[in-house]
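Note that the structure is a prediction, hence the values are computed from the model and not measured.
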Amino acid sequence: MFAIVGAAGNVGYSTSSALRRAGMPVRAILRDRTKAARLSDIGCEIATDLQNAAALAMAIGDADAVQIIIPVSPLTKDPADGLRRSIEGLFEALTQTRPKQVLAISDYGAHVTDDIGMPSMFRDLEARLAQLKTQLLVLRSAEHMHNWGRVIPMAVASDILPTFQDPVDMAQPTISAHDLGLIAADLLLGPESGTGVQVIHAEGPRRYSANDVAAVVSQLSSRVVRARGVPRSQWQATFERTMPSSLASLLIKANDAKNKGGLVEIAPNAGVVRYGHTSLIDALRPFFLPE
């Protein structure tokens, strides 16, 4: 049995679907049962009501392998504290259930010892899970392509794509969430290697700059869209329009680290790097389809 924590999300659903196509039993673990329909439709067992570590342990149950994604709740008062509590809750639940294998979705830059915001939260996750006496697969993901969807309406309306990338022609690693889920499923279906930690990095078929994103948005919208960097002095106010300050701080530090180059990256002397197949234009095309 494969238990997928966060199966309703883009990555979790992709992993669940791939495992089901391979004929594997999947338990989809959700916070919100209203999102269970499409997972039930592909034959997943459904578990919900994840209010604490004990409930999560019950949902994981007798699963042989567990995939976990730490959710970010931007509407909570302190999302950063919520992430820390989620890490501890997952660790407690996995300590109770002791699955043979755990696959954790992590982040590029999680190897960096300095505080660089969001990637540092995943460094903490990796360190905590490394204490489990099980096989731990750490799948460090590049930024998801669909994150650009947040600014596409603004870009189409104004012909300006706002970005925190500086310079705007700097190519950065990114991946489609669907591809990441497929890579995770392939790892879960692979041979077990006992206890220990294996780190795998995952990114798309090529790297893209903000200028590349603007070009794709131009092509899909039939408009001329240009990338424009948000001035550093405006970052905090820009982020805090839509999220609490603790989450804004994590994202500001992460973007600073990206712009320095070489920090939110593949770790030095990394072993395995897996590459997805979805191009940026195909990942963003659904944002332009009629509802």
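Taking CD1 from I87 and CD from E126, the interatomic distance works out to 10.0 Å, rounded to the nearest 0.5 Å. Here the CD1 atom belonging to I68 is positioned 5.0 Å from the CG atom belonging to L90, to the nearest 0.5 angstrom. Of the inter-residue distances, the one linking S86 atom OG with F91 atom CZ reads 15.0 Å to the nearest 0.5 angstrom. The SG atom of C44 lies 10.5 Å from the CZ atom of R38; values are rounded to the nearest 0.5 Å.
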Kindly determine whether L188 and L19 satisfy side chain to side chain contact (heavy atoms under 4.5 Å, CB included), including the steps that lead there. CA-CA 9 Å; L188 288 170; L19 292 173; 4.2 Å; yes

Check against salt bridge (Lys or Arg N to Asp or Glu O under 4.0 Å), E265 and K258: CA-CA 8 Å; E265 254 293 354; K258 288 178 184 178; over 6 Å; no

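The side-chain contact (heavy atoms from CB on, under 4.5 Å) test applied to E88 returns R128, not counting sequence neighbours. With sequence neighbours left out, the side-chain contact (heavy atoms from CB on, under 4.5 Å) criterion links P153 to no other residue. H111 is linked by a ring pair (Phe, Tyr, Trp, His ring centres under 6.0 Å) to nothing, counting only residues two or more places apart in sequence or in another chain. Remark: F122 pairs with no residue by the ring pair (Phe, Tyr, Trp, His ring centres under 6.0 Å) rule, at least two apart or across chains. For H178, the side-chain contact (heavy atoms from CB on, under 4.5 Å) partners are S14, S176, L182, not counting sequence neighbours. Residues satisfying the side-chain contact (heavy atoms from CB on, under 4.5 Å) criterion with R241, sequence neighbours excluded, are T238.
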Indicate every side-chain donor-acceptor pair of residues 2-13 with a distance under 3.5 Å to a residue at least two apart or in another chain.
none

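Between D282 and R285, at least one side-chain N (NZ, or NE/NH1/NH2) sits under 4.0 Å from a carboxylate O, which counts as a salt bridge. A salt bridge does not link K260 with D256: none of the charged nitrogens is closer than 4.0 Å to a carboxylate oxygen.
With a 4.5 Å cut-off between side-chain heavy atoms of Ile, Leu, Val, Met, Phe, Trp and Tyr, the cluster of I266 takes in Y108, V112, I116, L263, V264, V273, Y275.
Nearest heavy-atom pair across Q135 and P191 is NE2-O, 4.5 Å. Residues H201 and A267 share a closest heavy-atom pair of NE2-N, 3.3 Å. In terms of heavy-atom proximity, A214 sits nearest to A227 at CB-N, 3.6 Å. Closest approach of A210 and L161 over heavy atoms only: O-CD2, 3.6 Å. Nearest approach of A80 to M121, heavy atoms of both residues: O-CE, 3.6 Å. Closest heavy-atom contact between G89 and L56: O-CD2, 4.4 Å.
Using a 4.5 Å heavy-atom cutoff, the side chains of L250 and M243 are not in contact. The closest side-chain heavy-atom distance from M118 to D107 is below 4.5 Å. Between S279 and Y208, the closest side-chain pair of non-hydrogen atoms falls below 4.5 Å. Under the 4.5 Å side-chain criterion, counting only non-hydrogen atoms from C-beta, R98 is not in contact with L132. Using a 4.5 Å heavy-atom threshold, the side chains of I175 and H144 count as touching.
Identified under the side-chain hydrogen bond (donor to acceptor under 3.5 Å, both in side chains) test for residues 157-173, with sequence neighbours left out: D159-R223. Among residues at least two apart or in separate chains, side-chain hydrogen bond (donor to acceptor under 3.5 Å, both in side chains) pairs with a member in residues 17-29 are R27-E45, R27-D62. Counting only residues at least two apart or on different chains, the side-chain hydrogen bond (donor to acceptor under 3.5 Å, both in side chains) pairs with a member in residues 179-189 are D179-T278, D186-R274. Residue pairs meeting the ring pair (Phe, Tyr, Trp, His ring centres under 6.0 Å) criterion with at least one member in residues 230-268, sequence neighbours excluded: F164-W235, F164-F239.
In this structure, a donor-acceptor pair under 3.5 Å is present between the side chains of T34 and D32. Under the 3.5 Å distance criterion, with hydrogens and angles disregarded, no donor-acceptor pair is assigned to the side chains of S245 and E240.
In this structure, L103 is not a member of the same hydrophobic cluster as M1, with clusters built from ILVMFWY side-chain heavy atoms closer than 4.5 Å. Connection of L251 to M170 is not established within any shared hydrophobic cluster, with ILVMFWY side chains joined at heavy-atom distances below 4.5 Å, either directly or through further cluster members. L247 and V151 are assigned to two separate hydrophobic clusters, defined by single-linkage of ILVMFWY side chains at heavy-atom distances under 4.5 Å. V197 and L94 fall within a single hydrophobic cluster, where Ile, Leu, Val, Met, Phe, Trp and Tyr side chains are chained together by heavy-atom contacts under 4.5 Å.
At least one donor-acceptor pair under 3.5 Å links the side chain of R123 to the backbone N or O of D114.
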